[in-house]
**Student:** 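Before we start, here is the structure in question, set down as structure tokens.
Remember, it's 1-based here, ligands and their atoms both numbered in the order they're listed. Quick note: residue numbers are just sequence positions, from 1.
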Amino acid sequence: AKGRGRNCAEFYTRKMGADAERHLMLQSAMRTALAHGEFELCYQPKVALPDGQMFGMEALLRWRRPGHGVVPPAEFIPLAEETGAIVAIGEWVLRTACNQLRRWHDQGYTRLTMAVNLSGRQFARQDVPALIRQVLADTGVPAASLELELTESILMSEGTAVTDALLQLKDIGVTLALDDFGTGYSSLSYLKRFPIDVLKIDRSFITDLASDAENASLTRTIILMAQSLHMKTVAEGVESVAQLSFLRRCKCDAFQGYFFSKPLDAEGVTGLLRDRRCL
Ligand code: C2E
Ligand code: CA
Ligand code: CA
Ligand code: CA
């Protein structure tokens, strides 16, 4: 029996692609990463015109894995969602981001907002409104200073649980943003049905605004639609002045991207806030 077990193991090892093997390694490393303090947050400013005011930050997760450098979130978040690890990780992100925002508020940047990305699995597996209430109470961050970025897939889940959760979140007073807008199976009826405050136009539309007439007209249409529904718009991935001036002409409300700043660690953001006199 022992021998057969080993043959099976060998068989699976051979059959497993390098990708699958890497996934298993990542999954087991992820189990201890939180306890070992390997996760970090960086923050990317959101900017409003005309004055270039940095009114908010988006918290973005980084995994500094010993011996492997920084693992990008696109690589481990889908796995964390599969295994359910995203629940504990997401809670850590929320607490860490709110603690950091508290510090910035205490330094005088009282109008600064913080956006945190939420995964659909968090809604499926835990009482998100209860968690938000708890974290706001623990950190002393005002509800109005917290924004939650949700993806369209969250809105597509069956039943009324998600609608209920989003209505509760609105009652608490946090802002709800729809992330990567335009990439999912967006149905315009969702926008009416859910209490969304902000549309974040996906970077894929912004990237070739200057050269692609269709993306330009889609972007313009998304902004007009958002305006008519009394939603704010944020453009992701703004890298050039050409993109910015187009978006500005369309009356996009806010911008995020390397043109203004890459995601920075907390210290880097503190420096930026000081230099730009954001008080
Ligand atoms: P996202 O929410 O759409 O975040 C924006 C991504 O675009 C970030 O990548 C950011 O670094 C990148 N970016 C920002 N400006 C520019 C630009 O001008 N040009 C280019 N090329 N890229 C830009 P990042 O940090 O690698 O995050 C990737 C995705 O991982 C995020 O996409 C989000 O979906 C997910 N993610 C990150 N942190 C968390 C988290 O704490 N929880 C959850 N559930 N998901 C997260
Ligand atoms: Ca986001
Ligand atoms: Ca996004
Ligand atoms: Ca995106």
**Student:** Using a distance threshold of 3.0 Å, state whether an N, O or S atom of D180 lies below it from the Ca ion (ligand 2).
**Tutor:** no
**Student:** Can you sort out which atoms of ligand 1 are near G257, meaning under 4.0 Å from one of its heavy atoms?
**Tutor:** 15 (N), 18 (O)
**Student:** Among the N/O/S atoms of E149, which is closest to the Ca ion (ligand 2)? Give the atom name.
**Tutor:** OE1
**Student:** Could you go step by step and tell me if F55 and Y109 meet the ring-ring contact (aromatic ring centres under 6.0 Å, His included) rule?
**Tutor:** CA-CA 9 Å; F55 64 92; Y109 307 106; over 10 Å; no
**Student:** Could you tell me whether some N/O pair between Q122 and ligand 1 is separated by less than 3.5 angstrom?
**Tutor:** no
**Student:** Taking 4.0 angstrom as the limit and counting only heavy atoms of S119, give me the atoms of ligand 1 inside it, by number and element.
**Tutor:** 44 (N)
**Student:** Are the side chain of E149 and the backbone N or O of D179 linked by a donor-acceptor pair below 3.5 Å?
**Tutor:** no
**Student:** What is the ring orientation for F76 with F39, classed by angle as parallel under 30°, tilted 30 to 60°, or perpendicular over 60°?
**Tutor:** tilted
**Student:** Which is it for I77 and ligand 1 at heavy atoms under 4.0 Å: side chain, backbone, both or neither?
**Tutor:** side chain
**Student:** Taking the N/O/S atoms of D179 one by one, which is nearest to the Ca ion (ligand 2)?
**Tutor:** OD2
**Student:** For the metal site, I want the angle between atom OD1 of N117 and atom OE2 of E58 with the Ca ion (ligand 2) at the apex, to 10°.
**Tutor:** 90°
**Student:** Does the pair E147/K46 count as a salt bridge with the N-to-O cut at 4.0 Å?
**Tutor:** yes
**Student:** Check each atom of ligand 1 against the heavy atoms of E58 and keep those under 4.0 Å away; list them by number with element.
**Tutor:** 2 (O), 4 (O)
**Student:** Look at K200 together with E58 and state whether they make a salt bridge at an N to O cut-off of under 4.0 Å.
**Tutor:** yes
**Student:** I'd like the name of whichever of L118, D179, L41 reaches closest to atom 1 (P) of ligand 1 through any heavy atom.
**Tutor:** D179
**Student:** Say whether Q44 and ligand 1 are in contact under the criterion: heavy-atom distance to a ligand atom below 4.0 Å.
**Tutor:** yes
**Student:** Closer than 4.0 angstrom: is that true for some heavy atom of G90 and an atom of ligand 1?
**Tutor:** no
**Student:** With heavy atoms of R62 as the reference, note each atom of ligand 1 found under 4.0 Å away.
**Tutor:** 11 (O), 24 (P), 25 (O)
**Student:** Quick one: pull up CG in L191 and CE in M231 and give me the separation to the nearest 0.5 Å.
**Tutor:** 4.5 Å
**Student:** What atoms of ligand 1 come within less than 4.0 Å of a heavy atom belonging to R203?
**Tutor:** 19 (N), 20 (C), 21 (N), 22 (N)
**Student:** So how far is it from I172 CD1 to L136 CG, rounded to the nearest 0.5 Å?
**Tutor:** 7.0 Å
**Student:** Please tell me whether Q27 and T83 have a donor and an acceptor in their side chains that are separated by less than 3.5 angstrom.
**Tutor:** no
**Student:** Taking the basic N atoms (NZ, or NE/NH1/NH2) and the acidic carboxylate oxygens, is any pair closer than 4.0 Å for R62 and D265?
**Tutor:** no
**Student:** Look at E40 together with R64 and state whether they make a salt bridge at an N to O cut-off of under 4.0 Å.
**Tutor:** yes
**Student:** At a 4.0 Å threshold, what atoms of ligand 1 neighbour a non-hydrogen atom of L60?
**Tutor:** 4 (O), 8 (C), 10 (C), 11 (O), 25 (O), 37 (C), 38 (N)
**Student:** As an exercise, identify every atom of ligand 1 less than 4.0 angstrom from a heavy atom of E239.
**Tutor:** 17 (C), 18 (O), 19 (N), 20 (C), 21 (N)
**Student:** Should you measure from each heavy atom of G237, which atoms of ligand 1 turn up under 4.0 Å away?
**Tutor:** 16 (C), 17 (C), 18 (O)
**Student:** Tell me the contacting part of N117 for ligand 1: side chain, backbone, both, or neither, using a 4.0 Å heavy-atom threshold, strictly below.
**Tutor:** both
**Student:** If we count only N and O atoms by modelled type, under 3.5 Å, do the side chains of D138 and Q134 hold a donor and an acceptor together?
**Tutor:** yes
